[in-house]
Participant: 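Below you'll find the structure I mean.
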There are 2 protein chains.
Amino acid sequence: MKEQLRQYLNQYIQLNENEFCAIANLMSEKYLRKKEHFVKATSICNKVAFFTKGYFRFYYLTKNGDEITSDFYFAPNIVTSYTSLITCNPSDVYVQAMDDMKLLILSKSDLEKLYSQYHNIDRVGRLIAEKVAINSEQHLLSLLNQTAEERYRNLINNNPEFIQKIPLQYISSYLGITQETLSRVRRKIK
Amino acid sequence: MKEQLRQYLNQYIQLNENEFCAIANLMSEKYLRKKEHFVKATSICNKVAFFTKGYFRFYYLTKNGDEITSDFYFAPNIVTSYTSLITCNPSDVYVQAMDDMKLLILSKSDLEKLYSQYHNIDRVGRLIAEKVAINSEQHLLSLLNQTAEERYRNLINNNPEFIQKIPLQYISSYLGITQETLSRVRRKIK
DNA sequence: AAATTCCTTTGACAAAAATCAAAAAATGAA
DNA sequence: TTCATTTTTTGATTTTTGTCAAAGGAATTT
């Protein structure tokens with residue numbers, strides 16, 4: 001799995017052996033079962049995880065107790081409650097494993113040590129943050145200037161393998177609509 | 001104005017004199033008049049700007065030619081078309097000065113040299129990217145789980161000084177609604 | 001001050017989406 | 001396979017929001 005992490009990081013920047021091992025040696029294994037949470041709302045997130053299989057769902061609870069999915073993270077990827085990790089405030093978001101998964105965990109304190117010690121690792125952190133920002137921006141834009149139907153079409157075009165597996169109820173709130181409306185959009189499309 | 005830049009960057013990290021001057025010496029002055037663009041859609045953005053007065057508006061054009069405001073950046077701040085700068089793709093977004101403004105400009109190539117040369121500057125870049133990601137996430141969430149009325153209330157609570165100055169037509173699309181709907185929300189609130 | 005332009009509000013109506021309730025389909029467990 | 005549970009679809013209705021057109025205000029220019 002560490003080889004996959006190396007490959008994953010390589011898309012951002014080529015780390016030398018020394019730098020990569022510094023990271024890899026600080027990571028610990030953890031397993032999550034389907035539907036378990038990597039981060040829960042109200043808790044402060046102090047870790048990041050790398051995973052190579054399955055996907056995570058980010059969701060919020062409304063005052064009425066309804067779940068609103070705000071994001072999906074598909075493998076291979078690094079996942080964390082970004083806002084909580086950075087601000088040290090309790091997370092607003094639940095980060096839920098949607099499959100049985102194996103994780104490689106890195107604690108925030110170790111991450112910060114790595115950032116301080118290695119310029120290149122700080123840089124990877126920047127590149128990842130930039131990517132997170134761009135993704136969030138894209139999602140935001142799709143909500144502002146596309147119809148629910150367009151958003152759904154794009155979602156299945158961009159991630160066909162995964163979208164098949166995701167129950168509609170989770171996708172609908174990600175698109176900013178109800179299950180029923182999504183079901184109707186879907187009928188129209190086919 | 002460079003002193004204000006120093007102060008601005010200090011909120012992220014304390015740069016030493018050497019690091020700060022490396023940045024400041026590469027920046028050039030530029031003036032924009034109200035309604036002029038710092039970045040235009042279809043052009044590739046290769047610069048960032050620091051400004052101490054006024055605000056910028058980010059907007060997109062729909063297929064029908066309607067403008068959709070996606071963001072506001074209030075002084076003092078650093079502004080750029082983030083996605084275009086990072087991906088080197090043409091910008092989807094217009095970045096428009098909403099006041100007469102003085103800018104300090106840094107080119108992308110100089111920025112990248114600074115990133116490579118100074119670990120601390122790379123780090124500032126990371127911290128700023130993280131902040132951009134968090135802001136975008138907040139805006140996204142407000143669209144997913146708040147009503148237009150709640151979004152409007154939050155906007156005026158968080159930036160009362162500025163919101164007064166922004167024409168409704170620009171705010172409404174930022175909130176994901178039409179001018180007319182915003183006008184009705186507003187009547188209800190008062 | 002009058003005139004022009006720009007911005008905001010209002011009303012009437014249409015369209016889109018939400019809600020509620022129930023049926024149908026799919027999934028997983030015994 | 002059958003049963004139980006979960007997920008998706010459908011229909012009827014209500015609510016919300018958008019659209020279009022016009023009027024009212026505010027601000028700016030001449």
Participant: Rounded to the Å, how far apart are Lys35(B) NZ and dC7(C) C1'?
Facilitator: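 About 10 Å, once rounded to whole Å.
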Participant: Do the side chains of Glu150(B) and Arg153(B) get close enough for a salt bridge, i.e. N-O under 4.0 angstrom?
Facilitator: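 Not counted as a salt bridge, because no side-chain N and carboxylate O are separated by less than 4.0 Å.
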Participant: Rounded off to whole Å, could you give me the CD-to-P distance for the Glu150(B) and dT17(D) pair?
Facilitator: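 Rounded to whole Å, this separation is 11 Å.
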Participant: Report yes if at least one side-chain N or O of Thr181(A) is closer than 4.0 Å to OP1 or OP2 of dA17(C); otherwise report no.
Facilitator: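 False: Thr181(A) side-chain N/O out of range (4.0 Å or more) of dA17(C) OP1/OP2.
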Participant: Is it the case that the side chains of Arg151(B) and Ser142(B) hold a donor-acceptor pair, with the cut-off being a distance below 3.5 Å and no angle test?
Facilitator: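 Side chains of Ser142(B) and Arg151(B): no pair found under 3.5 Å.
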Participant: Confirm from the modelled atom types if Glu180(A) and dC20(C) form a donor-acceptor pair under 3.5 Å, side chain to base only.
Facilitator: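 Side chain to base: pair found, below 3.5 Å.
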Participant: Which residue, Pro167(B) or Arg184(A), contacts DNA chain C at a nucleotide closer to its 5' end, judged by nearest heavy atom?
Facilitator: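 First, find each residue's nearest nucleotide; the 5'-ward one identifies Pro167(B).
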Participant: For Tyr12(B) and Tyr8(B), what are the C-alpha separation, side-chain angles and deciding distance, and is it a ring pair (Phe, Tyr, Trp, His ring centres under 6.0 Å)?
Facilitator: CA-CA 8 Å; Tyr12(B) 292 106; Tyr8(B) 176 78; 5.7 Å; yes
Participant: In degrees rounded to 10°, what angle is found between the helical axes fit to the five outermost pairs at each end of the helix from dT8(C)-dA23(D) to dA30(C)-dT1(D)?
Facilitator: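 The angle separating the two end axes equals 50°.
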Participant: Let's see if you get this right: which residues in residues 171-178 of chain B place a heavy atom under 4.0 Å from DNA chain D?
Facilitator: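 Residues of residues 171-178 of chain B under 4.0 Å from DNA chain D: Gly176(B), Ile177(B), Thr178(B).
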Participant: For dT9(C), does either OP1 or OP2 sit under 4.0 Å from a side-chain N or O belonging to Arg187(B)?
Facilitator: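 Negative; the distance criterion is not met.
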Participant: Quick one: sort the Tyr94(B) and Tyr59(B) rings into parallel, tilted or perpendicular, breaks at 30° and 60°.
Facilitator: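 Judged by the thresholds at 30° and 60°, the geometry between Tyr94(B) and Tyr59(B) is parallel.
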Participant: Is it true that Arg33(B) and Asp100(B) have a side-chain N and a carboxylate O under 4.0 angstrom from each other?
Facilitator: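 Salt bridge: yes.
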Participant: Locate the shortest heavy-atom distance separating Asp122(A) from Tyr115(A); write the atom from each residue and the value.
Facilitator: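 Residues Asp122(A) and Tyr115(A), closest heavy atoms: OD2-O, 3.3 Å.
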Participant: Nearest-Å distance, CZ (Arg186(A)) to C1' (dT7(D))?
Facilitator: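 After rounding, the reported distance stands at 10 Å.
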Participant: In whole Å, I'd like the distance from the CD atom of Gln146(B) to the P atom of dA18(C).
Facilitator: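 The answer, rounded to whole Å, is 16 Å.
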Participant: Leu168(A) side chain: which of dT10(C), dT8(D), dC7(C) is closest?
Facilitator: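 Per side-chain heavy atoms of Leu168(A), the pick is dT8(D).
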Participant: Is any side-chain N of the basic residue among Lys2(B) and Glu29(B) closer than 4.0 Å to the acidic one's carboxylate O?
Facilitator: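 A salt bridge is absent here (no side-chain N lies under 4.0 Å from a carboxylate O).
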Participant: Are Phe51(B) and Phe38(B) close enough that their ring centres sit under 6.0 Å apart?
Facilitator: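 Here the rings of Phe38(B) and Phe51(B) have centres that are no less than 6.0 Å from each other.
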Participant: Rounded to the nearest 0.5 Å, what separation is found between the CG atom of Leu182(B) and the CD atom of Gln169(B)?
Facilitator: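 Between atom CG of Leu182(B) and atom CD of Gln169(B) there are 11.0 Å.
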